[in-house]
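A quick write-up on the structure given underneath.
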Amino acid sequence: MAATSGEQPVINKNKKHRKEKQPFAPDHNKGGIFTEESSFATLFPKYRENYLREVWSAVTKVLDPYGIACTLDLVHGSMSVRTTRKTFDPYIILKARDIIKLLARGVAITQAQKVLQDDMACDIIKIGNLVRNKDRFVKRRQRLIGPDGSTLKAIELLTQCYVLVQGNTVSVMGPYKSLKEVRRIVLDCMKNIHPIYRIKELMIRRELAKDPKLATESWDRFLPKFRKRHLKTSEKTSKKNEKLAVDDETRTKKEKPAKKVYTPFPPPQQPRKVDLQLESGEYFLKVHEREAREVQQRKQKQAEATLKRRAERAEAYVAPKEEAAPTVEEKRKRRHTEVDSDDRAGRSKKKKKAVATEA
């Protein structure tokens with residue numbers, strides 16, 4: 001027991017020399033002040049001007065503790081960040097560049113400032129040039145968002161990322177590993193692969209990660225394989241031939257119409273419209289008389305149609321036939337008839353038994 005209690009826990013060799021990450025402090029910069037100034041600038045669309053003007057004081061307040069200066073140029077429509085003599089972190093200028101990129105792409109400052117954290121990164125995916133057809137592009141972009149944003153919400157929950165679809169770009173913020181997964185989902189969606197397939201795969205991976213027995217095993221047998229199967233030319237022709245054969249069979253199965261009896265004489269000539277008018281006497285009527293006759297015929301047809309419609313409507317209001325409840329006398333007669341029929345049946349059975357015993 002003493003030997004077992006004295007055993008030390010097994011430490012992974014890969015993680016033996018790793019230390020806990022600490023935020024970069026001014027004491028860590030042993031080189032001192034930077035010799036050269038670094039700066040980045042980005043353009044922003046016109047519709048973001050009012051918002052940026054309102055929140056620019058908050059942007060300067062966020063970047064000031066890190067010694068980063070920022071300027072907003074409304075004339076040229078650009079934002080820029082640069083290092084100063086107070087800057088101590090050499091990597092913070094790249095984080096500041098990511099902030100102004102996210103602000104230009106429609107991300108709020110409250111969300112964009114999280115990029116300054118060490119475990120957070122951002123990725124701006126350009127999707128505008130991936131699909132040529134404009135209508136198809138809009139449909140696939142909407143497919144990424146989903147009904148009421150449900151697909152986007154599922155992606156955010158599974159990857160622990162913030163995703164914003166804006167115009168021709170998709171802005172993503174989150175851990176480095178999750179950024180790759182989101183980029184893969186977005187690019188596959190633009191290639192006409194539905195995001196639900198990747199979401200399902202992420203859900204399965206999440207469940208498999210909980211099992212310590214599967215940590216050293218391959219997960220390929222558990223993951224679903226969704227492959228677009230392109231038919232070869234020979235397979236296409238075989239399918240086409242099968243379809244044609246089925247069509248030929250259906251044509252032969254159909255009953256052929258009976259052949260008409262051949263007669264060498266042509267059909268009788270049909271009377272002309274003038275001949276019909278001559279027979280009815282309409283031809284000799286005057287113009288106003290003819291019009292009056294047409295009006296009368298039209299009114300007669302309308303009256304017949306209204307009568308037919310009224311009859312159809314009245315059918316719904318016709319009461320169904322109800323059977324009257326039987327009176328006391330009818331009930332007595334019915335009982336007497338039932339009793340008589342039972343007595344006759346009993347007598348016939350007795351007679352049959354007696355005949356059978358005698359025989």
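What you see is a predicted model, and the numbers here were worked out from it, not measured in a lab.
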>> Could you go through Ile185 and Leu202, starting from their C-alpha distance and side-chain angles, then the distance that decides it, and tell me whether this counts as side-chain contact (heavy atoms from CB on, under 4.5 Å)?
In response: CA-CA 10 Å; Ile185 291 167; Leu202 287 173; 3.8 Å; yes
> CG of Asn241: more than 12 outside heavy atoms within 6.0 angstrom?
Replying inline: yes
Any link between [X] and [Y] through a network of hydrophobic side chains (Ile, Leu, Val, Met, Phe, Trp, Tyr) touching at under 4.5 Å?
| X | Y | result |
| --- | --- | --- |
| Leu130 | Leu152 | yes |
| Ile193 | Val138 | no |
| Val62 | Tyr91 | yes |
| Phe88 | Leu63 | no |
| Val115 | Val182 | no |

Please collect all side-chain hydrogen bond (donor to acceptor under 3.5 Å, both in side chains) contacts where either partner lies in [range], sequence neighbours excluded, each pair once.
| range | value |
| --- | --- |
| residues 61-74 | Thr71-Ser80, Asp73-His76 |
| residues 289-311 | none |
| residues 143-156 | Arg143-Asn192 |

Please name the pair of heavy atoms, one in [X] and one in [Y], separated by the smallest distance, quoted to 0.1 Å.
| X | Y | value |
| --- | --- | --- |
| Gly174 | Cys161 | CA-SG, 3.8 Å |
| Thr42 | Lys101 | CG2-N, 4.3 Å |
| Met173 | Cys122 | CG-CB, 4.1 Å |

Taking 4.0 angstrom as the limit, do [X] and [Y] come out as a salt bridge?
| X | Y | value |
| --- | --- | --- |
| Glu181 | Arg184 | no |
| Arg205 | Glu201 | yes |
| Asp275 | Arg272 | yes |

Is any side-chain heavy atom of [Y] closer than 4.5 Å to one of [X]?
| X | Y | value |
| --- | --- | --- |
| Phe44 | Leu72 | yes |
| Phe40 | Leu94 | yes |
| Val165 | Leu144 | yes |
| Trp56 | Ile109 | no |
| Leu187 | Met190 | no |
| Asp188 | Tyr197 | no |
| Val246 | Glu242 | no |
| Val172 | Tyr162 | no |

Could you tell me whether the side chain of [X] and the main chain of [Y] form a donor-acceptor pair under 3.5 Å?
| X | Y | value |
| --- | --- | --- |
| Arg141 | Gly167 | yes |
| Thr87 | Gly67 | yes |
| Ser78 | Leu43 | no |
| Ser38 | Thr83 | no |

Rounded to the nearest 0.5 Å, what separates atom [atom1] in [X] from atom [atom2] in [Y]?
| X | Y | atom1 | atom2 | value |
| --- | --- | --- | --- | --- |
| Arg140 | Asp135 | CZ | CG | 12.0 Å |
| Leu164 | Ser171 | CG | OG | 5.5 Å |
| Leu157 | Met203 | CG | CE | 10.5 Å |
| Ile93 | Ile68 | CD1 | CD1 | 4.0 Å |
| Tyr283 | Leu276 | OH | CG | 13.5 Å |
| Asp98 | Ile124 | CG | CD1 | 7.5 Å |

> For Arg105, which residues count as a side chain to side chain donor-acceptor pair (under 3.5 Å) partner, sequence neighbours excluded?
Replying inline: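 For Arg105 the side chain to side chain donor-acceptor pair (under 3.5 Å) partners, ignoring immediate neighbours, are Thr169.
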>> Taking salt bridge (charged side-chain N to carboxylate O under 4.0 Å, His left out) as the definition, give me every residue that meets it alongside Arg183, ordered by chain and number, with sequence neighbours left out.
In response: Asp123
> Listed by chain and number, what are the salt bridge (charged side-chain N to carboxylate O under 4.0 Å, His left out) partners of Asp89, not counting sequence neighbours?
Replying inline: none
